[in-house]
S.K.: 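Questions regarding the structure given below will be posed in turn.
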Amino acid sequence: MSDAPAAPHRDFIRELIDADVAAQRNEGWVITRFPPEPNGYLHIGHAKSICLNFGLALEHAPKSRCHLRFDDTNPTKEEVEYVESIQTDVQWLGFSWGKHLHYASDYFETLYGYAQQLISKGLAYVDEQSPEEMRANRGSLTAPGIPSPCRERSAAENQALFAEMRAGKFKEGACVLRAKIDMASPNMNLRDPVLYRILHAHHHRTGDAWCIYPMYDFAHPLSDALEQITHSLCTLEFEHHRPLYEWLIEHVDGLPGHPYQREFARLNLTYTVLSKRKLLELVKDGLVTGWDDPRMPTISGIRRRGYTPAAVRQFCETVGLTKFPSLTELALLEHCVREDLNRVANRVYVVLRPIKVVLTNYPEGQVEFIELTNNPENLEAGKRSVPLSRELYIEADDFREEAAADFFRLVPGGEVRLKYAFCIICQEVVKDAAGQVVELHCTYDEATRHGAKPVGRPKVKGTIHWVSAAQAADVEVRLYDKLFTEPQPEEAAGEGGDFRQFVNPASMEVLTAKAEPSVQHALPGALYQFERVGYFCADTKESKPGAPILNRTVALKDSFAKGK
RNA sequence: UGCCUCAUGGUGUAACGGUAGCACAGCAGAUUCUGAAUCUGCUUGUCUAGGUUCAAAUCCUAGUGAGGCAACCA
């Protein structure tokens with residue numbers, strides 16, 4: 001990362017880590033990790049965790065680092081496609097794991113040894129109860145569990161059985177390895193949690209080498225310890241797994257590191273869902289075009305939509321870090337992109353819904369070029385020339401036959417300024433047989449060129465964008481809007497309801513727009529502000545040379561529309 | 001009828017026993033060759049009840065509310 005890490009607010013996690021560093025815990029090292037399961041694409045909620053973990057490493061350099069570790073302990077759900085997309089997304093956000101790309105599956109042999117060690121110590125046993133029996137005997141939230149009949153087996157017998165599990169002597173579900181902790185614990189996670197289960201499944205990295213796989217609760221803390229992670233940060237739903245995490249770190253001998261776990265609240269955003277399972281449903285049902293559909297809250301989706309890494313990082317910093325299960329407004333995310341895009345996006349004239357304007361007093365066949373500033377927020381972005389001629393397109397929205405006084409664009413007999421060109425007066429409204437407006441005949445005033453405001457003329461308040469008709473490029477524009485019509489689709493659906501019923505039918509509208517010539521050669525990924533309209537990004541997947549597709553990232557704020 | 005965690009404007013957060021501040025959203029105005037951006041101002045808040053203290057958002061007790069927990073998922 002080239003950007004110098006800013007100094008984020010001292011949230012409760014950072015305060016804790018600062019105290020550890022001050023106390024020279026782990027000689028002052030801060031080693032974190034981002035541990036995704038490769039069973040889906042990353043979303044904006046994961047970005048919060050990525051920014052935290054990798055951000056912490058940047059803040060505490062040089063005695064720090066952040067690992068990317070795939071928690072690939074369940075071969076039935078994981079795929080290399082996801083492994084690859086996750087790496088792309090983390091890098092896109094601007095972070096680097098350096099040499100520290102790891103997989104829990106790298107530790108399978110070591111983990112197996114740790115399991116044997118627990119068996120030797122009488123702290124783990126092979127249980128042959130069926131999954132149903134185990135569930136029934138675990139008790140309930142209010143009643144203690146009942147010990148398994150296998151609980152008091154000898155270490156030697158457990159050792160032999162565990163070896164047979166590994167050797168493939170059993171069918172799936174026949175038995176499991178369990179920690180021997182406390183069947184009466186008020187914390188369900190401590191009622192002899194399962195450590196290993198049998199899965200005759202092909203693993204995307206270890207192939208068929210294993211038929212027993214460690215559970216998250218076993219693999220995760222020990223993987224952290226193996227990598228000498230100092231601070232294992234996760235979301236609130238793992239809070240009551242912490243005692244088990246600590247139990248393992250305490251009871252397994254010979255660990256190279258002694259990490260501890262702390263939890264923070266996951267991100268929730270209005271007008272979307274942030275659950276891999278639900279996002280997968282949208283993909284499978286064809287309600288979106290894929291994980292990277294620009295309407296998806298996935299990192300690949302928002303990237304395609306035109307969001308910048310800086311905007312996403314800024315957003316993650318702004319939402320903060322607490323233990324309160326909050327619901328952040330989509331408007332905050334949109335604010336963060338607008339803020340960044342306003343700085344970096346070049347301006348361009350594009351008319352989304354064109355209506356033709358004929359300048360009756362402009363010479364036929366003449367074409368002149370107007371010089372425009374690419375980005376008034378960054379003059380180094382330079383200038384460009386756009387053609388202007390007798391026939392133009394303006395936005396249909398910028399003309400009204402009848403309008404109230406607060407509409408200061410074009411009306412019959414009224415005057416409006418064509419940005420950076422001159423003012424025009426609407427002399428005639430031409431309609432077809434059906435009464436639809438087909439074109440406007442206007443006259444322009446040479447005296448108003450270059451923003452000139454001759455004294456004694458009525459003030460022209462409105463300024464609109466335009467595109468010269470003959471040179472205009474037809475480009476496909478996709479107007480994206482919020483994915484759901486409800487701020488909380490899951491809540492609105494209620495218990496047993498289906499959140500998919502609230503997918504916004506107007507979440508995508510496809511149009512053929514009239515653009516100034518330069519837009520035709522937009523490179524995939526190019527970011528623009530269509531003046532007076534919104535921020536757009538040339539689609540990286542479906543654009544063709546000379547035929548870009550422009551995705552609307554977010555509309556410009558519109559205080560006129562809002563008042564309506 | 002269990003256990004764990006949490007509670008500050010509409011939303012997200014800060015204040016670490018001493019003036020409740022910031023951002024988003026909203027509203028009003030200035031400015032503007034983008035009804036954008038920028039600038040100014042405004043509205044709105046410490047869950048409730050007790051207690052400790054000169055002083056409580058902050059400490060204590062109880063209540064209320066919210067989230068999480070009974071996969072051989074992570």
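Chain letters run A, B, ... following the sequence lines, proteins first and then strands; every chain starts at 1.
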S.K.: Using a 4.0 Å heavy-atom cut-off across all strands, classify A:Tyr196 as base, sugar-phosphate, or nothing.
M.R.: nothing
S.K.: Have a look at A:Glu339 and say if it touches a base, only the backbone sugar-phosphate, or nothing, with a 4.0 Å heavy-atom cut-off.
M.R.: nothing
S.K.: Once you measure the plane-to-plane angle for A:His102 and A:Tyr107, does it fall in the parallel (<30°), tilted (30-60°) or perpendicular (>60°) bin?
M.R.: tilted
S.K.: Can the ring centroids of A:His231 and A:Tyr260 be said to lie less than 6.0 angstrom from one another?
M.R.: yes
S.K.: Report which part of the nucleic acid A:Lys453 touches: base, sugar-phosphate, or nothing (heavy-atom distance under 4.0 Å, all strands).
M.R.: sugar-phosphate
S.K.: State which residue, out of A:Tyr196, A:Phe218, A:Tyr112, A:Phe108, fulfils the ring-ring contact (aromatic ring centres under 6.0 Å, His included) condition with A:Tyr213.
M.R.: A:Phe108
S.K.: By the 4.0 Å heavy-atom rule, please label A:Asn187 as base, sugar-phosphate, or nothing.
M.R.: nothing
S.K.: Specify the residue among A:Glu128 and A:Lys323 whose closest nucleotide of RNA chain B lies further upstream toward the 5′ end.
M.R.: A:Lys323
S.K.: Map A:Glu239 and A:Thr318 onto RNA chain B by nearest heavy atom, then report which one ends up closer to the 5' terminus.
M.R.: A:Glu239
S.K.: A:Leu332 near the nucleic acid: base, sugar-phosphate alone, or nothing, with a heavy-atom cut-off under 4.0 Å?
M.R.: sugar-phosphate
S.K.: Using a 4.0 Å heavy-atom cut-off across all strands, classify A:Arg135 as base, sugar-phosphate, or nothing.
M.R.: sugar-phosphate
S.K.: For the C1' atoms, the ones on B:C47 and on B:C6, what distance do you get once it is rounded to whole angstrom?
M.R.: 12 Å
S.K.: Please identify the 5'-most and 3'-most nucleotides of RNA chain B with any atom under 4.0 angstrom from a heavy atom of chain A.
M.R.: B:G2 to B:A74
S.K.: Using the P atom on both, measure B:C24 against B:A37 and round to a whole Å.
M.R.: 10 Å
S.K.: When you look for runs of 3 or more Watson-Crick or G-U pairs in a row, both distances below 3.5 Å, which of them include RNA chain B?
M.R.: B:2-7 with B:64-69, B:10-13 with B:21-24, B:26-30 with B:38-42, B:47-51 with B:59-63
S.K.: Hey, does A:Phe315 reach any base, or is it just sugar-phosphate, or nothing, if we go heavy atoms under 4.0 Å?
M.R.: nothing
S.K.: A side-chain contact here means heavy atoms from C-beta on lying under 4.5 Å apart; do A:Trp247 and A:Leu123 qualify?
M.R.: yes
S.K.: I'd like to know if A:Asp18 pairs up with A:Arg10 as an ion pair, taking the criterion as any Lys NZ or Arg NE/NH1/NH2 lying under 4.0 Å from an Asp or Glu carboxylate oxygen.
M.R.: yes
S.K.: Using the P atom on both, measure B:G26 against B:U11 and round to a whole Å.
M.R.: 15 Å
S.K.: Does the cation-pi check pass for A:Arg347 over A:Phe530, that is, NZ or CZ under 6.0 Å from the six-membered ring centre and within 45° of its axis?
M.R.: no
S.K.: Any ion pair linking A:Glu531 and A:Lys419 (charged N to carboxylate O, less than 4.0 Å)?
M.R.: yes
S.K.: If we take the C1' atom in both B:A25 and B:G45, what is their distance in whole Å?
M.R.: 15 Å
S.K.: Any salt bridge between A:Asp106 and A:Arg69, counting N to O under 4.0 Å?
M.R.: no
S.K.: Using a heavy-atom cut-off of under 4.0 Å over every strand shown, decide if A:Gly173 touches base, sugar-phosphate, or nothing.
M.R.: base
S.K.: B:A23: syn or anti, with syn meaning chi within 90° of zero?
M.R.: anti
S.K.: Give one of base, sugar-phosphate or nothing for A:His220, where a contact means two heavy atoms less than 4.0 Å apart.
M.R.: nothing
S.K.: Can A:Arg205 be said to sit on top of A:Tyr103's aromatic six-ring, NZ or CZ under 6.0 Å from centre and within 45° of the ring axis?
M.R.: yes
S.K.: Using the C1' atom in both, what is the distance from B:U46 to B:A20, to the nearest Å?
M.R.: 8 Å
S.K.: Under 30°, 30 to 60°, or over 60°: which ring-plane class applies to A:Phe499 and A:Phe484, parallel, tilted or perpendicular?
M.R.: tilted
S.K.: Taking only the C1' atom of each, what is the distance from B:A70 to B:U13 in whole angstrom?
M.R.: 35 Å
S.K.: NA contact type, A:His450, heavy-atom cut-off 4.0 Å: base, sugar-phosphate, or nothing?
M.R.: base
S.K.: Expressed in whole Å, how much space separates the P atoms belonging to B:U1 and B:U64?
M.R.: 14 Å
S.K.: Roughly how far apart, to the nearest Å, are B:C27 and B:G68 at atom P?
M.R.: 34 Å
